[in-house]
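Only a predicted model underlies this, so the values are computations on that prediction, with no experimental measurement involved. Because only heavy atoms are used, hydrogens play no part in the values below, and waters and symmetry mates are left out as well, while side chains stay in. FYI, the numbering just counts along the sequence from 1.
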Amino acid sequence: MVQPKNVFRAVERSKVYASVVDQILQNIQSGRFPPGSSLPSERVLADQLAVSRGSLREAIRVLEHAGVLDVRVGSGTYVTEGGRSQTAMLRAQAAVIGEHSPLDLIVARAAIEPVCAEQAATAHHPTDLAHMEATLHEQAELTHQGKDPSAADLAFHLAVATASHNGVLLAIEQNLIELMHEQTWSELKHRSRSRVHAAEQYLEHHELVLGAIRRRDARRAHQLMAMHMAAIEVGIVAELERSDGPNGQGS
C-alpha cells in the first residue's frame with residue numbers, strides 16, 4: 001500500500017514562545033500590569049495563554065534577563081520598576097529573535113571604541129594610517145553617491161581597532177562588528193543614517209577621529225570617538241521613538 005505524502009509540518013516552537021513574550025509585553029505596556037504588580041500564577045497564566053508551562057517558563061526567563069520581570073521564588077513574578085522602559089522592552093524584543101538590543105550594543109561600543117581610538121593614536125604604524133584612509137575614502141565615495149556606506153563604516157572602526165595593536169581590543173571590536181550585522185541593529189542604524197545629513201555627519205566624525213589619530217593626539221581621539229558614539233545613540237533612540245519600536249514603520 002502506497003503511503004500518503006506527509007501533509008504535516010513541524011510546529012515552530014519559537015512562535016509559541018515569541019507570542020507569549022509579545023502578549024506579556026503588550027499587557028505591561030498597556031498598563032494592565034504596572035511596575036510592582038505581580039503576574040498571575042504560572043498555572044493560571046499558562047491556561048489563559050493556552051501554552052505549556054515549558055513555553056511559559058522560557059518566555060519568563062527571557063523577560064527576567066531583559067529586566068522586565070523579577071521572579072521571586074516562593075512569592076511570584078513581578079514587573080520591575082524599569083519593566084516598561086525602552087531599554088528593557090527592546091532587549092526583550094531582540095532576544096525573542098535571538099539577537100541583542102541595539103541600546104545594549106551602543107553602550108558596549110561606547111565603552112570600547114574610544115579606547116581603541118586612543119590607543120591607535122599612540123600605537124599606529126604608517127600602514128595603519130593608509131588602511132584607515134582607504135576605508136574612509138570608500139565611505140566618502142559611497143556617501144556622496146547616496147549609496148549605503150555601512151560596510152565601509154564598519155571597516156573604518158575595525159581599522160581603528162587594528163591600529164591600536166592591542167589584540168584584546170581588536171578581538172572585542174571584531175565581536176561587536178559581528179553583532180552589528182544582526183537584523184535589529186542593521187535596520188535601526190540604516191534608518192538613523194537615512195535621517196537628513198546623518199550619513200554626512202558620521203563621515204565627518206570619522207574624518208575628525210582619523211585626524212586626531214594621525215596627530216597622535218590620544219586624548220582628542222578618545223573624545224571624538226566618544227562624541228561619535230553619542231551621536232549614533234541619539235540617532236537610534238530618535239528612530240525608536242519615531243517608530244515606536246524596532247520593527248515599527250513610523251510616519
Indicate the atoms forming the closest heavy-atom contact of [X] with [Y], along with that distance.
| X | Y | result |
| --- | --- | --- |
| V209 | A117 | CG1-CB, 4.3 Å |
| Q29 | R84 | O-NH2, 3.0 Å |
| W185 | L179 | CB-O, 4.3 Å |
| A110 | M229 | CA-CG, 3.9 Å |
| A121 | A218 | CB-CA, 3.6 Å |
| L154 | I177 | O-CD1, 3.7 Å |

Option passing side-chain contact (heavy atoms from CB on, under 4.5 Å) with L25 (candidates L63, V20, V96):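 Result: among L63, V20, V96, L63 is the only option passing the side-chain contact (heavy atoms from CB on, under 4.5 Å) with L25.
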
Matching residue for P102 among I232, V107, V237, L90 - test: side-chain contact (heavy atoms from CB on, under 4.5 Å):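 Among I232, V107, V237, L90, the one that satisfies the side-chain contact (heavy atoms from CB on, under 4.5 Å) with P102 is L90.
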
Should we say atom CD of E178 is surrounded by more than 12 heavy atoms from elsewhere, each under 6.0 Å from it?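 No - once you tally the heavy atoms of other residues, nucleotides and ligands closer than 6.0 Å, there are 12 at most.
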
Side chain to side chain, [X] and [Y], heavy atoms closer than 4.5 Å:
| X | Y | value |
| --- | --- | --- |
| E118 | M225 | no |
| N27 | R32 | yes |
| L103 | I236 | yes |
| R57 | S52 | no |

Could you state the interatomic distance from [atom1] ([X]) to [atom2] ([Y]), rounded to the nearest 0.5 Å?
| X | Y | atom1 | atom2 | answer |
| --- | --- | --- | --- | --- |
| H181 | S150 | NE2 | OG | 7.5 Å |
| T162 | L170 | OG1 | CG | 4.5 Å |
| L188 | I106 | CG | CD1 | 11.5 Å |
| I24 | L39 | CD1 | CG | 6.0 Å |
| H222 | L224 | NE2 | CG | 11.0 Å |
| L240 | Q86 | CG | CD | 4.5 Å |

Please check: side-chain N/O of [X] versus main-chain N/O of [Y], any donor-acceptor pairing under 3.5 Å?
| X | Y | answer |
| --- | --- | --- |
| S186 | Q183 | no |
| S164 | A161 | yes |
| Q23 | L49 | no |
| S85 | G82 | yes |
| R109 | L105 | no |
| R216 | H124 | yes |

Audit row: L129, L210, side chain to side chain contact (heavy atoms under 4.5 Å, CB included) steps and yes/no: CA-CA 8 Å; L129 281 179; L210 178 57; 4.1 Å; yes

Does [X] pair with [Y] as a salt bridge, N-O distance under 4.0 Å?
| X | Y | value |
| --- | --- | --- |
| R214 | E133 | yes |
| R195 | E239 | yes |
| R219 | D217 | no |

For H165 together with H125, are the ring centres under 6.0 Å from each other?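 Here the rings of H165 and H125 have centres that are less than 6.0 Å from each other.
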
Mind jotting down which residue pairs meet the side-chain hydrogen bond (donor to acceptor under 3.5 Å, both in side chains) criterion with at least one end in residues 196-207? Sequence neighbours excluded, please.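 For residues 196-207: Q139-H206, H157-H206, H205-H228, H206-H228.
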
Go through the side-chain N and O atoms of R43 and S41 and say whether any donor and acceptor fall under 3.5 Å apart.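 Side-chain D/A pair, R43 to S41: absent.
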
With a 4.5 Å cut-off on side-chain heavy-atom distances among I, L, V, M, F, W and Y, is there a chain of contacts connecting [X] to [Y]?
| X | Y | value |
| --- | --- | --- |
| M227 | F156 | yes |
| V71 | I28 | yes |
| V21 | Y78 | no |
| V168 | V115 | yes |

By salt bridge (charged side-chain N to carboxylate O under 4.0 Å, His left out) - contacts of R91 (at least two apart):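 Result, salt bridge (charged side-chain N to carboxylate O under 4.0 Å, His left out) vs R91: D104.
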
Begin with the C-alpha distance, continue with both residues' side-chain angles, and end with the deciding distance and a verdict on side chain to side chain contact (heavy atoms under 4.5 Å, CB included) for D148 and L142. CA-CA 6 Å; D148 183 5; L142 292 168; over 6 Å; no

Between L45 and L56, does a side chain to side chain contact (heavy atoms under 4.5 Å, CB included) hold up when you go through it step by step? CA-CA 8 Å; L45 198 52; L56 176 61; 3.8 Å; yes

Show your reasoning for whether side chain to side chain contact (heavy atoms under 4.5 Å, CB included) applies to R53 and E42. CA-CA 7 Å; R53 291 197 184 186; E42 181 182 284; 2.9 Å; yes

